[in-house]
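Note that the structure is a prediction, hence the values are computed from the model and not measured.
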Amino acid sequence: MPFSTIDQLLAATLAGSIGGGAWLFWHGRHNVTDPGAPEAIPAPPVPSIPAGFLPVLGASDLFSEIRADALLFRIHQALGFAPENHARDVLPLLNQVAEFVQLLPASESHHHANPGGLLTHILEVAAVALLQAEESKLPIGRPTEEQLKYAARWRYGILVAALLHDVGKPIADVLIDVRLPNGAIGLWNGLGGKLGDYGDCYRVNFPLKRDYGAHQRLPVMLLKAMIPPSTMQWLADDPELVSTLIAYLSGESDGGTIGKLIKAADGKSVADNLLRGNRTRFATARQVPLIERMMDALRRMLAEGGQLPLNREGATGFCDGTDIWFVAGTLADKVRAYLDANEIREAGAADLPTDNSRLFDTWLDYAAVRDNAGAAIWKAAVTLDKEDGRSWSQTFTLLRFPLDKLYPNAGTYPQSLNGRVEVVAGAATHTAVDQIPEEPQGSTLQLAPAPVDPSSEQQPGPVSESPLPEFSLTPVTLEELSPSPAAVESPQPTPMPLPAADEFLDAEESASLAMIPLPHQAEEPTPLPEIPTAPVTPAGLRVPQNSVIGDIPQPDKDIERLMAWIQQGIGGGTISYNRASACIHFVKEGMLLISPKVFREYYQAAGTEADTTQIKRLQKLLQKSGYVAKNRPNSFLHYYRITNAKNADRSLVTGYLVTNPGLFFRDVPEANAHLEASAGNNVA
């Protein structure tokens with residue numbers, strides 16, 4: 001397809017999409033500077049950013065602001081482009097999209113409503129869609145030779161569709177005030193150019209009414225502005241791909257295979273954010289999320305007493321000491337009635353959903369209730385033992401709320417019922433969660449004061465089982481994105497027989513490592529030569545905050561803490577490395593974590609003694625994290641020899657290999673010259 005043909009397709013699509021929409025364009029403010037103006041004299045100091053405004057940032061600062069390096073790294077890996085192609089074709093697209101959406105939200109009060117939410121969301125969708133695409137041979141249905149020829153183009157097409165699928169939201173869903181060079185405030189519209197083309201800071205406002213489908217028709221108008229011309233010409237070699245993209249980005253089709261991938265990835269990103277995401281919203285947001293309205297009403301009803309009777313015949317709920325089991329339909333009706341009676345809603349604000357399943361699904365989406373195999377509803381028999389020796393029992397359809405979601409602290413929990421709640425096996429009732437709505441119904445509201453401590457507003461989400469300290473993570477910059485050579489090329493020497501070892505090492509099995517003397521050994525192990533431990537500048541974990549996405553391998557919270565402990569300890573000089581007694585050694589291939597010593601010392605740093613079960617748990621989580629490389633098909637253990645060991649039988653050390661320590665340290669320490677990979681290592 002000639003390049004001019006793309007222009008013709010776009011022109012035809014734009015003509016149909018714009019229609020009578022001249023209101024979309026910037027009114028006469030297309031040029032901020034005169035290209036023919038004489039050489040500028042030094043400008044006066046830039047005025048400070050007014051309250052309520054956000055600065056216009058460049059792509060690198062935007063990625064750093066939302067801590068996007070992990071997502072960018074995964075996109076890089078999933079695309080599989082050579083470094084020069086990534087720099088020429090991918091980074092310009094990512095940068096253009098980032099600078100267009102800036103720190104705008106993806107919605108007013110639903111998913112990704114925080115500053116930077118839209119950029120986070122589209123990067124998440126891209127990462128998930130590309131990962132899912134690896135399961136298909138693209139383009140589907142084409143001959144093998146064509147799949148080999150066009151696969152890279154289709155992966156890039158998926159990236160384009162993911163990044164642009166919501167790029168129309170800054171145009172259709174929000175009102176953006178921008179400060180112009182002369183200090184005046186103007187109304188920006190994205191079809192006239194990026195925010196940075198017009199001013200230095202902006203303010204986000206939300207219209208009272210909007211067309212929630214409008215943003216789906218606008219991405220095609222921005223397509224050529226986002227993709228480098230040479231890359232567009234490369235895509236044009238496959239007319240089917242270009243036609244699919246244009247039809248999808250104009251809202252004229254579902255996008256076929258690409259559209260299905262984007263829809264699935266979008267659902268994963270939205271669902272994850274609802275469950276674990278940032279709850280911050282813009283100060284100008286008018287709508288209050290439905291979940292907040294429901295939980296506030298539920299807590300107030302419990303605090304007021306009498307609204308939701310507990311633990312008796314005819315009660316609405318039954319407390320077993322851990323959860324309150326509410327009769328599902330009764331609770332939904334009472335919450336709806338309470339909000340109808342107590343909310344002060346703006347004119348035109350929508351009422352609460354009348355379908356109870358919508359309320360059930362909302363509680364489930366935000367993990368306010370316990371999940372029953374993907375459903376919010378449980379079927380259980382409630383039995384009450386009476387003082388006269390008789391008992392009362394009845395089976396209900398129930399919602400199961402953890403007590404800490406409803407009460408500010410354990411001292412305010414209600415008494416447990418004198419009886420029991422027993423789940424009826426195999427009787428889970430599944431509610432429909434096939435499609436997550438784009439924006440929940442909401443309104444500005446105000447409830448009458450109630451005796452509830454505002455500090456008790458706990459965000460729904462999984463409660464960590466680990467008692468370990470919360471080692472905080474530090475941000476990184478985009479320049480650190482590229483993996484080190486060690487992470488890309490791993491040595492594959494001739495295999496040799498290795499001593500048998502369980503990949504989940506018990507303390508006794510791994511105590512024979514040269515670093516860790518056994519109690520019955522009289523001889524001290526051969527010490528490793530010491531390299532002075534100097535503080536290292538930590539680069540920060542590339543873990544997207546509040547962004548554990550679907551099928552992408554994501555580090556568990558305890559692994560984030562472990563790696564943060566390593567990062568901060570080595571960076572601050574409190575953890576030694578490359579020493580005879582150290583649990584961490586830097587090698588040519590990366591960073592070697594001696595197991596189980598590193599896990600044991602981690603627990604000791606938290607003031608606890610870890611048992612074998614806890615160590616095995618961390619080992620398994622580390623293997624799933626994506627930070628460590630496999631060695632041989634069925635093992636993560638890597639073997640290293642101490643080259644200056646006097647006793648050959650005691651020269652082998654074993655551990656987990658982090659192939660890209662540059663993810664955690666800006667200045668990776670020097671490798672221990674006296675450790676070399678065993679010939680049996682075969683990094684998968």
Side-chain angles (χ1 to χ4, degrees), residues 14 18 20-66 92-108 113-119 122 164 166-211 214-215 218-219 221-226 228 280-286 478:
L14 291 175
I18 295 176
W23 61 271
L24 288 171
F25 289 95
W26 182 269
H27 298 290
R29 295 196 181 101
H30 291 285
N31 295 314
V32 174
T33 58
D34 180 2
E39 183 177 353
I41 59 175
V46 178
S48 60
I49 304 297
F53 280 69
L54 292 169
V56 173
L57 300 176
S60 180
D61 289 334
L62 288 165
F63 291 135
S64 179
E65 186 73 21
I66 67 167
L93 169 62
L94 290 166
N95 292 344
Q96 286 286 344
V97 172
E99 292 179 0
F100 184 82
V101 303
Q102 290 290 320
L103 293 177
L104 301 180
S107 68
E108 181 176 354
N114 59 295
L118 179 55
L119 181 55
I122 59 180
L164 299 187
D166 273 349
V167 80
K169 286 190 172 185
I171 302 171
D173 289 4
V174 290
L175 300 172
I176 306 297
D177 294 329
V178 59
R179 183 171 68 181
L180 306 175
N182 62 5
I185 303 299
L187 184 64
W188 172 79
N189 186 278
L191 293 179
K194 295 185 295 187
L195 266 167
D197 296 335
Y198 294 100
D200 63 344
C201 62
Y202 58 97
R203 177 175 56 201
V204 180
N205 296 298
F206 300 91
L208 287 174
K209 295 183 179 180
R210 71 196 75 167
D211 176 359
H215 74 272
L218 299 174
M221 303 181 187
L222 302 167
L223 180 63
K224 284 187 64 178
M226 300 294 180
T280 304
R281 298 193 303 275
F282 280 77
T284 51
R286 292 183 173 87
L478 181 61

Does the side-chain contact (heavy atoms from CB on, under 4.5 Å) test come out yes or no for I185 and L180, once each step is laid out?
CA-CA 6 Å; I185 303 299; L180 306 175; over 6 Å; no
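- Under a 3.5 Å cut-off, the side chain of Y202 and the backbone N or O of G196 do not form any donor-acceptor pair.
- In this structure, CG in N114 is found 9.5 Å from CD1 in I66, a value given to the nearest 0.5 Å.
- Of the possible donor and acceptor atoms, none in the side chain of D61 sits under 3.5 Å from a partner among the backbone N and O of G58.
- A donor-acceptor contact shorter than 3.5 Å is absent between the side chain of W188 and the backbone of I171.
- When all heavy atoms of N95 and F63 are compared, the pair lying nearest together is OD1-CE1, 3.6 Å.
- Side-chain atoms of E99 never come within 3.5 Å of backbone atoms of L57 as a donor-acceptor pair (strictly under, hydrogens ignored).
- The two residues C201 and I49 have their closest heavy-atom pair at CB-CD1, 3.7 Å.
- The shortest side-chain heavy-atom distance between R179 and R203 does not fall under the 4.5 Å cut-off.
- Note that CD of Q102 and CG of L118 are 11.0 Å apart. Values are rounded to the nearest 0.5 Å.
- Put simply, the side chain of L218 does not reach to within 4.5 Å of the side chain of K169, judged on heavy atoms.
- Residue D166 holds its CG atom at 8.5 Å from CG of D173, rounded to the nearest 0.5 Å.
- Pairing each heavy atom of V101 with each of P170, the nearest pair is CG1-CG, 4.3 Å.
- Contact between V174 and I176 at its shortest, heavy atoms only, is CG2-CD1, 3.7 Å.
- Taking both residues in full, the closest heavy atoms of F100 and G190 are given as CE1-O, 3.4 Å, listed atom of the first, atom of the second, then distance.
- Residues L119 and L62 have side chains in contact (heavy-atom distance under 4.5 Å, counting atoms from C-beta outward).
- In plain terms, the two heavy atoms of D177 and F53 that are nearest each other are O-CE2, 4.0 Å.
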